Amino acid sequence: MRLSRYFLPLLKETPSDATVASHRYMLRAGMIRQNSAGIYTWLPLGHKVLKKIEQIVREEQNKAGAIEMLMPTIQSADLWKETGRYDAYGPEMLRITDRHEREMLYGPTNEDMITDVFRSFVRSYKDLPKMLYHIQWKFRDERRPRFGVMRGREFLMKDTYSFDLTEADAVKSYNKMFTAYLNTFARLGIKAVPMKADTGPIGGDLSHEFVILAESGESEVFCHRDLVEMAPPGDVDFDGDLSHIFEERTALYAATEEMHDAEEFAKIPADKQLSARGIEVGHIFYFGDKYSGPMKATVMDSDGKPQTAMMGSYGIGVSRLVGGIIEASHDENGIIWPKSVTPFGAGVLNLKPGHEESDKVSEEIYNKLAAAGIDPLLDDEKGSIGVKFSRMDLIGLPFQIAVGPRGLKEGSVEVKDRATGEKQNMSPDEAVTLVIKAYA
RNA sequence: CGGGGCGUAGCGCAGCCUGGUAGCGCACCUGUUUUGGGAACAGGGGGUCGCAAGUUCGAAUCUUGCCGCCCCGACCA
């Protein structure tokens with residue numbers, strides 16, 4: 001993409017109502033625009049990142065054996081009345097009446113609806129286990145939306161639902177998602193720690209939150225330091241036994257504020273105790289027959305007897321992750337994107353558009369990177385050099401290749417690593433190779 | 001939902017106390033000169049001062065009501 005043809009409405013000054021780094025930078029970098037409290041337009045740059053995160057989440061779900069589908073945003077109140085949640089959910093749920101005075105709602109989650117799908121089509125234990133998911137916009141009328149997309153009212157969420165014949169089988173599904181989540185967050189370039197969690201209004205008894213540590217986190221979390229640096233499981237056989245992965249990650253203490261046990265925490269060696277602020281980016285639950293029971297979602301077992309399906313649900317806040325990743329990865333100049341989610345793979349800065357050699361070399365680098373699938377952004381705008389560099393720093397692409405007359409006299413361009421700030425001069429071809437290798 | 005604050009050009013703000021021609025910086029448009037880390041000069045465009053009612057000869061400014069937004073707390077997948 002050429003900057004001159006792109007739509008990148010940057011803000012030079014920080015909007016006064018943004019107080020956390022990710023919110024400030026998302027506004028300044030032209031990623032989002034607020035429409036009303038907790039509701040945002042995703043501008044091209046933000047949309048690109050959102051879609052990249054979504055795709056990684058999708059790929060890891062598929063690897064784990066979950067099957068993608070799509071349920072509507074607007075739901076009928078009927079299903080929610082069946083499970084009793086229509087009254088239980090409270091004012092957080094946006095209720096709508098259609099022209100026929102039918103009670104509708106904008107879905108804050110989809111347990112009720114997926115259970116209805118399940119009971120309509122699944123009859124036999126032979127069809128189990130099943131894990132179904134979708135990535136869809138949700139609406140929760142938060143009392144106090146804040147921190148930009150991290151606590152919005154409208155948000156994009158991946159939610160998976162598992163169905164098993166027995167509780168023991170359901171635990172296997174739980175472990176699959178537990179494992180998939182570890183891999184997902186690692187691919188996104190963030191360190192998310194699974195922590196014992198409260199189950200909240202969705203209910204159930206087995207639940208973990210995946211939390212990234214950041215100053216601006218909304219809640220206090222406590223864990224063993226070693227959990228933060230633990231390597232992801234990587235390629236595993238999702239049909240095999242994953243319990244060791246779960247055991248390994250839950251052997252060490254980790255809990256959110258609500259579940260915190262100060263006595264247990266005190267048993268951790270002092271230098272390994274970590275108490276910090278955290279951002280919840282994923283939450284997994286096992287809740288058995290909480291919905292399948294009242295909705296009579298049963299299958300025939302091998303004895304021909306109806307058995308209620310045992311369920312779990314597994315959420316990842318896709319839009320929240322955009323903010324969460326920035327919270328975990330930025331400096332005073334702007335965002336520092338992990339390579340896996342960066343909106344563009346590299347920035348090519350033509351420091352002097354109109355200068356024949358600069359034009360030629362920057363175009364060549366741009367074309368070679370594009371051909372290699374790097375998806376570069378070429379800054380071909382006229383304007384001062386300082387503006388170009390600071391703009392690139394703000395939007396946070398992992399690499400910047402600066403092409404200008406001064407360097408070209410020596411036959412070199414300058415490559416800057418956004419994360420380390422390290423700059424080196426090299427030939428245009430070496431620069432291209434360096435970037436391509438970094439993404440290989 | 002309790003407490004606090006804010007609403008004036010796209011963004012950041014001043015003006016309000018003490019009523020009298022709506023301002024500044026940045027951004028934007030035109031031109032000239034510049035150009036290796038947020039250039040200079042000259043000219044220009046852009047506003048129902050959140051909305052409504054009231055007081056007044058006259059309201060951005062005073063009064064009342066409403067709406068919107070932000071922060072702290074409580075709450076929260």
Side-chain angles (χ1 to χ4, degrees), chain A residues 9-20 23-24 27-28 30 33-40 85 88-93 107-111 136 138-148 150-153 155-161 197-204 207-211 216 218-219 256-258 279-285 287 312-321 333-334 349-355 358 379 381-394 400-410 412-414 416 421 423 425:
Chain A
L10 303 182
L11 303 180
K12 187 159 184 178
E13 279 164 286
T14 302
S16 56
D17 47 12
T19 53
V20 297
H23 191 196
R24 279 201 310 270
L27 290 166
R28 287 199 49 209
R33 173 178 168 78
Q34 180 172 324
N35 295 98
S36 61
I39 301 179
Y40 293 86
R85 293 172 98 195
Y89 217 94
E92 231 183 47
M93 183 156 72
T109 178
N110 287 69
E111 282 84 1
Q136 178 63 291
K138 307 286 191 291
F139 193 92
R140 293 184 192 174
D141 200 354
E142 297 281 348
R143 280 193 200 138
R144 191 183 153 210
R146 61 186 129 167
F147 305 147
M150 289 201 295
R151 182 162 290 280
R153 294 197 291 170
F155 58 98
L156 186 63
M157 177 173 169
K158 184 285 301 175
D159 38 326
T160 306
Y161 303 94
D198 192 16
T199 50
I202 286 184
S207 172
H208 287 84
E209 276 182 26
F210 287 75
V211 174
S216 56
E218 284 195 84
S219 55
T256 60
E257 208 166 1
E258 308 83 59
I279 301 167
E280 177 194 352
V281 289
H283 201 155
I284 60 180
F285 299 88
F287 47 71
S313 83
Y314 315 87
I316 290 181
V318 176
S319 50
R320 172 181 288 183
L321 271 166
N333 297 319
L349 292 78
N350 184 350
L351 298 181
K352 190 160 185 171
H355 177 266
S358 297
D379 182 350
E381 299 264 35
K382 291 202 164 74
S384 88
I385 282 95
V387 171
K388 286 169 175 282
F389 281 115
S390 54
R391 178 163 56 203
M392 238 4 131
D393 283 348
L394 174 63
Q400 301 172 9
I401 303 176
V403 181
R406 187 183 291 180
L408 289 175
K409 265 185 220 163
E410 325 285 322
S412 74
V413 297
E414 183 188 272
K416 175 172 158 184
K423 299 170 192 167
N425 293 313

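This structure is a prediction, so every number in the text was calculated from the model and none was measured. Below, chains carry the letters A, B, ... as their sequence lines are ordered, and counting in each starts from 1. FYI, side chains are in, hydrogens and waters are out, and symmetry mates aren't considered; it's all heavy atoms of this structure.
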B/C76 base to A/R151 side chain: any donor-acceptor pair below 3.5 Å? yes
With nearest nucleotide decided by heavy atoms, which residue, A/E258 or A/H23, maps closer to the 5′ end of RNA chain B? A/H23
What nucleic acid atoms does [X] come within less than 4.0 Å of, heavy atoms only: base, sugar-phosphate, or nothing?
| X | answer |
| --- | --- |
| A/E218 | nothing |
| A/S36 | sugar-phosphate |
| A/F155 | base |
| A/R153 | nothing |

Considering only atom [atom1], compute the distance from [N] to [M] and round it to an integer number of Å.
| N | M | atom1 | value |
| --- | --- | --- | --- |
| B/C26 | B/A40 | C1' | 16 Å |
| B/G20 | B/G58 | C1' | 7 Å |
| B/G73 | B/G23 | P | 42 Å |
| B/G12 | B/G7 | P | 11 Å |
| B/U64 | B/C69 | P | 23 Å |
| B/G19 | B/U63 | C1' | 13 Å |
| B/U55 | B/A14 | C1' | 27 Å |
| B/A42 | B/G38 | C1' | 22 Å |

Base partner of [N], which must satisfy Watson-Crick or wobble distances under 3.5 Å:
| N | value |
| --- | --- |
| B/C57 | B/G20 |
| B/G73 | B/C1 |
| B/C41 | B/G31 |
| B/C6 | B/G68 |
| B/C49 | none |
| B/G25 | B/C11 |

Run the ring-ring contact (aromatic ring centres under 6.0 Å, His included) test against A/F389 and tell me which residues pass, sequence neighbours left out. none
In whole Å, I'd like the distance from the [atom1] atom of [X] to the [atom2] atom of [N].
| X | N | atom1 | atom2 | answer |
| --- | --- | --- | --- | --- |
| A/R146 | B/G5 | CZ | C1' | 16 Å |
| A/E280 | B/C75 | CD | P | 15 Å |
| A/R144 | B/G4 | CZ | P | 15 Å |
| A/M150 | B/C71 | CE | P | 11 Å |
| A/N35 | B/G68 | CG | P | 15 Å |
| A/E92 | B/A74 | CD | P | 16 Å |
| A/E142 | B/C75 | CD | C1' | 9 Å |
| A/Y89 | B/C76 | OH | P | 11 Å |

Heavy-atom contacts, protein to nucleotides 22-40 of chain B, under 4.0 Å, summarised as B (base), S (sugar-phosphate only) or - (none) per nt, yield ---BS--------BBBBS-
Quick check for you: to the nearest 0.5 Å, what is the distance between [X] atom [atom1] and [Y] atom [atom2]?
| X | Y | atom1 | atom2 | answer |
| --- | --- | --- | --- | --- |
| A/L11 | A/R28 | CG | CZ | 7.5 Å |
| A/T160 | A/I316 | OG1 | CD1 | 7.0 Å |
| A/K138 | A/M93 | NZ | CE | 14.5 Å |

Parallel, tilted or perpendicular for A/F285 and A/F287, by the 30°/60° rule? tilted
Residues at least two apart in sequence or cross-chain that pass side chain to side chain donor-acceptor pair (under 3.5 Å) with A/S412, listed by chain then number, are none
Give a yes/no on whether any side-chain N or O of A/Q34 is located under 4.0 angstrom from OP1 or OP2 of B/C70. yes
Could you point out which residue of A/L349, A/D393, A/I401 forms a side-chain contact (heavy atoms from CB on, under 4.5 Å) with A/K416? A/D393
Residue among A/V413, A/L408, A/L351 satisfying side-chain contact (heavy atoms from CB on, under 4.5 Å) with A/S358: A/L408
Identify each atom pair where a protein N or O and an N or O of nucleotides 43-46 of chain B are less than 3.5 Å apart, giving names and distance.
none

Side chains of A/D159 and A/Q136: any donor to acceptor distance under 3.5 Å? no
Answer with yes or no whether the side chains of A/S313 and A/E111 bring together a donor and an acceptor at under 3.5 Å. yes
The side chain of A/A37 lies closest to which of these nucleotides: B/C76, B/G12, B/C69? B/C69
Taken in chain and number order and not counting sequence neighbours, the residues that satisfy side chain to side chain contact (heavy atoms under 4.5 Å, CB included) with A/L10 are A/L8, A/R391, A/L394, A/I395
In chain order, what residues pass the salt bridge (Lys or Arg N to Asp or Glu O under 4.0 Å) check against A/E218, with sequence neighbours excluded? A/R146, A/R151
